[in-house]
Amino acid sequence: MSTSVTTLVTEIVLPGRVEPSGLETRTRDLPAPGAGQVLLRMDATGVCFAEQQMRLGKYYNQPPFPFVPGYDVVGTVTATGPDVDAGMTGRRFAAVTKVGAWASHLLIDAADLMPVPDDDMDAATVETVVVNGITAWQMLHRTAKVRSGGTIVVLGANGGVGSILVQLARHAGITVIGTASARHHDSVRELGATPVDYRDPDMYDRIREIAPDGVDAVFDHVGGPAVAESWRLLRRGGTLVSYGTAATKNEEGSSQLPVLKLFGQLAAWNSLPNGKSAHFYNFWAGSRCRTQWQRRLTEDLTQVLRLVADGVLTPRIAAEIPLSDTASALELAESRTVLGKIVIIPDA
């Protein structure tokens, strides 16, 4: 049923380029959902690399300060607006928001919701695979299309996307070499990958020793000058999937310049007649055709959640931190000491 009652919402605001401790908490009245909208109670959200970039004003499509961060959310519909199926009330959904999810409640278009299991999976588990799981699935199966028997390199194999990518690849019969700091090597082995220390100055030589004939794909979120080394690891017919510019996160200057330079480099490599290809994976590519894009997200999330339910995928939750302590969650994510996803949950 639609309702005209306002809801008191608690939101975490990023007021400008501040340290994590500079995040602000505000409460305000949220109006009733309008036509096509629902009111979603946040059951779990999280911290991903995008918010770390946004804090520094370095995200490619940087939102203007101040704003409420929060890239994705899992929540329960508590009210529906006009033209929305009232049967959605009480059911759990996931959504990709880009901003706005670090809040106790949010208004969201019903068309942007993806159904998720209500009973057999807790919200924090689902949250770990919304953006990270869809990203890993699409890069492996839609972009690189690596076949069973192939070999890939995953940079940051202990991270939110990397750890899922390793598990998806192993399930598909693909051999994985994963980079991580030495303290995470046991965990990377448990996931089924051969670990290589990313702090080793000869890291790329180590990878070549393991795969002397080259690899079928490299998944690189680092960017910067070393992306050329990732390209050199490929065998003929191999694919470089670049999906970030972590190397330039702390550099001053334009947030778009590193990405544009990377686009230019990938385009130049694609023009070479060596059978190799280079792609930049953008989660939002195709979102102008919103209905088709949303359908693809829902399909891919459904596939990933099925693998979680079957025990094939084990999402890694690094910590569950209450909304009121989001500053600690962001600080922990930026410390680069954790394995898996930092999840933000409602206050008790």
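Note that the numbering runs from 1 along the sequence shown for the chain. As the structure is a prediction and not an experimental result, all values here were calculated from the model.
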Has the side chain of [X] got a donor or acceptor atom that lies under 3.5 Å from a matching backbone atom of [Y]?
| X | Y | result |
| --- | --- | --- |
| Arg236 | Asn274 | yes |
| Asp72 | Val130 | no |
| Arg316 | Gly340 | no |
| Arg41 | Gly75 | no |
| Arg17 | Leu56 | yes |
| Trp231 | Ser277 | no |

Please walk me through it: do Thr135 and Asn132 pass side chain to side chain donor-acceptor pair (under 3.5 Å)? CA-CA 5 Å; Thr135 296; Asn132 289 350; 5.7 Å; no

Just jot down the side chain to side chain donor-acceptor pair (under 3.5 Å) partners of Arg290, sequence neighbours excluded, or say none.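 Arg290 satisfies side chain to side chain donor-acceptor pair (under 3.5 Å) with no other residue.
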
Tyr71 vs Tyr59 aromatic rings, parallel, tilted or perpendicular, using cut-offs 30° and 60°?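 The rings of Tyr71 and Tyr59 stand perpendicular, inter-plane angle above 60°.
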
Aromatic rings Phe283 and Tyr281: how do their planes relate, parallel, tilted or perpendicular, breaks at 30° and 60°?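 Taking Tyr281 first and then Phe283, their aromatic rings stand perpendicular (interplane angle over 60°).
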
Between Tyr243 and Phe280, does the ring centroid distance fall short of 6.0 Å?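 No, the ring centres sit 6.0 Å or more apart.
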
Among Thr89, Thr76, Val77, Asp109, which one satisfies side chain to side chain contact (heavy atoms under 4.5 Å, CB included) with Val38?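 Only one option passes, and that is Val77.
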
Distance check, rounded to the nearest 0.5 Å: Thr45 atom OG1 versus Leu323 atom CG?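 Taking OG1 in Thr45 and CG in Leu323, the distance rounds to 8.5 Å.
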
Could you walk me through whether Ile174 and Thr151 pass the side-chain contact (heavy atoms from CB on, under 4.5 Å) check? CA-CA 6 Å; Ile174 295 162; Thr151 300; 5.9 Å; no

Regarding Glu51 and Lys98, does a basic nitrogen lie under 4.0 Å from an acidic carboxylate oxygen?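 Salt bridge between Glu51 and Lys98, a charged N being under 4.0 Å from a carboxylate O: no.
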
Glu299/Arg296 ion pair, N-O < 4.0 Å: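 Salt bridge flag = no for Arg296 with Glu299.
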
Run the numbers on Arg147 and Asp216 for salt bridge (Lys or Arg N to Asp or Glu O under 4.0 Å), then give the verdict. CA-CA 9 Å; Arg147 295 200 179 105; Asp216 297 284; over 6 Å; no

Less than 4.5 Å apart, side chain to side chain, heavy atoms only: is that true for Glu229 and Arg208?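 Yes. Closest side-chain heavy atoms under 4.5 Å.
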
Using a 6.0 Å cut-off, check whether atom NZ of Lys276 has over 12 heavy atoms from anything other than its own residue.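 More than 12 within 6.0 Å, yes.
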
